[in-house]
Undergrad: 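One structure coming up, written as structure tokens, with questions to follow.
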Amino acid sequence: MIFIAVKFTVRSAERDNWLPAVEPFTLATRQEPGNLFFEWSYSVENPDQFVLLEAFASPEAGEAHVKSEHFAAAMEGMADLVARTPEIINVEVPGDGWSVMAELAPRGE
């Protein structure tokens with residue numbers, strides 16, 4: 001699968017607008033046939049930074065995502081909200097989604 005992690009640092013004045021602004025992009029991406037997950041979080045250290053974890057089933061699915069109309073529209077809209085160019089990690093890894101962590105389980109299991 002293609003695993004991507006992106007850090008988006010937004011303008012402080014746009015912090016509360018970020019998730020509503022990217023919601024159409026998020027919903028459209030989650031509907032793509034090759035999307036495995038597309039999940040937003042925010043940094044506990046920097047309130048202006050949002051972290052996106054996403055995965056696609058194949059390089060072709062990742063390429064289709066980047067070539068989609070909703071991707072182009074999102075990039076256009078995000079340009080007005082970000083404070084700097086996002087940081088990204090994009091790697092191909094074995095598997096097809098999240099695995100279970102072997103080192104930790106709830107007590108009693």
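Only a predicted model underlies this, so the values are computations on that prediction, with no experimental measurement involved.
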Undergrad: Please name the pair of heavy atoms, one in Ala61 and one in Gly34, separated by the smallest distance, quoted to 0.1 Å.
TA: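 Nearest pair, atom of Ala61 first, then Gly34: CB-CA, 3.7 Å.
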Undergrad: Can you name the side chain to side chain contact (heavy atoms under 4.5 Å, CB included) partners of Ile4, sequence neighbours left out?
TA: Ile2, Val6, Glu54, Phe56, Ile88, Asn90
Undergrad: Per the salt bridge (charged side-chain N to carboxylate O under 4.0 Å, His left out) rule, what does the pair list look like for residues 73-82, sequence neighbours excluded?
TA: none
Undergrad: Among pairs that include at least one residue of residues 91-104, which meet side chain to side chain donor-acceptor pair (under 3.5 Å), considering only residues two or more places apart or in two chains?
TA: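 Matches after skipping sequence neighbours: none remain.
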Undergrad: By the rule that ILVMFWY residues connect when side-chain heavy atoms come within less than 4.5 angstrom, directly or transitively, which residues belong alongside Leu104?
TA: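 Noted: Leu104 shares its cluster with Met101.
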Undergrad: Could you tell me if the side chain of Phe50 sits less than 4.5 Å from the side chain of Leu19, heavy atoms only?
TA: yes
Undergrad: Test: salt bridge (charged side-chain N to carboxylate O under 4.0 Å, His left out). Region: residues 14-27. Which pairs qualify, not counting sequence neighbours?
TA: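 Only Arg15-Asp48 qualify under salt bridge (charged side-chain N to carboxylate O under 4.0 Å, His left out).
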Undergrad: Among pairs that include at least one residue of residues 57-67, which meet salt bridge (charged side-chain N to carboxylate O under 4.0 Å, His left out), considering only residues two or more places apart or in two chains?
TA: Glu63-Lys67
Undergrad: The criterion is side chain to side chain donor-acceptor pair (under 3.5 Å); which residues satisfy it with Glu32, sequence neighbours excluded?
TA: His65, His70
Undergrad: Measure across Phe37 and Gly97 and return the closest heavy-atom pair with its distance rounded to 0.1 Å.
TA: CE2-CA, 4.4 Å
Undergrad: Under 4.5 Å between side-chain heavy atoms, counting indirect links through other Ile/Leu/Val/Met/Phe/Trp/Tyr residues: same cluster for Phe8 and Ile89 or not?
TA: no
Undergrad: Does Tyr42 OH have over 12 foreign heavy atoms under 6.0 Å away?
TA: no
Undergrad: Measuring from atom CG of Leu53 to atom CG of Leu36, what distance do you get when rounded to the nearest 0.5 angstrom?
TA: 13.0 Å
Undergrad: According to the interplanar angle, ranging from 0 to 90°, do the rings of Trp40 and Trp18 count as parallel (below 30°), tilted (30 to 60°) or perpendicular (above 60°)?
TA: perpendicular
Undergrad: Name all residues meeting the side chain to side chain contact (heavy atoms under 4.5 Å, CB included) criterion together with Ala83; count only those two or more places apart in sequence or in a different chain, and write none if there are none.
TA: Thr9, Arg11
Undergrad: Over 60° means perpendicular and under 30° means parallel, so classify the ring planes of Phe25 and Phe38, tilted if in between.
TA: perpendicular
Undergrad: Could you identify which residues cluster with Val100, counting Ile, Leu, Val, Met, Phe, Trp and Tyr as linked when any side-chain heavy atoms lie under 4.5 Å apart, either directly or through a chain of such contacts?
TA: none
Undergrad: Who pairs with Thr29 by side chain to side chain donor-acceptor pair (under 3.5 Å), at least two apart in sequence or on another chain?
TA: none
Undergrad: With sequence neighbours excluded, what pairs up with Val44 under the side chain to side chain contact (heavy atoms under 4.5 Å, CB included) test?
TA: none
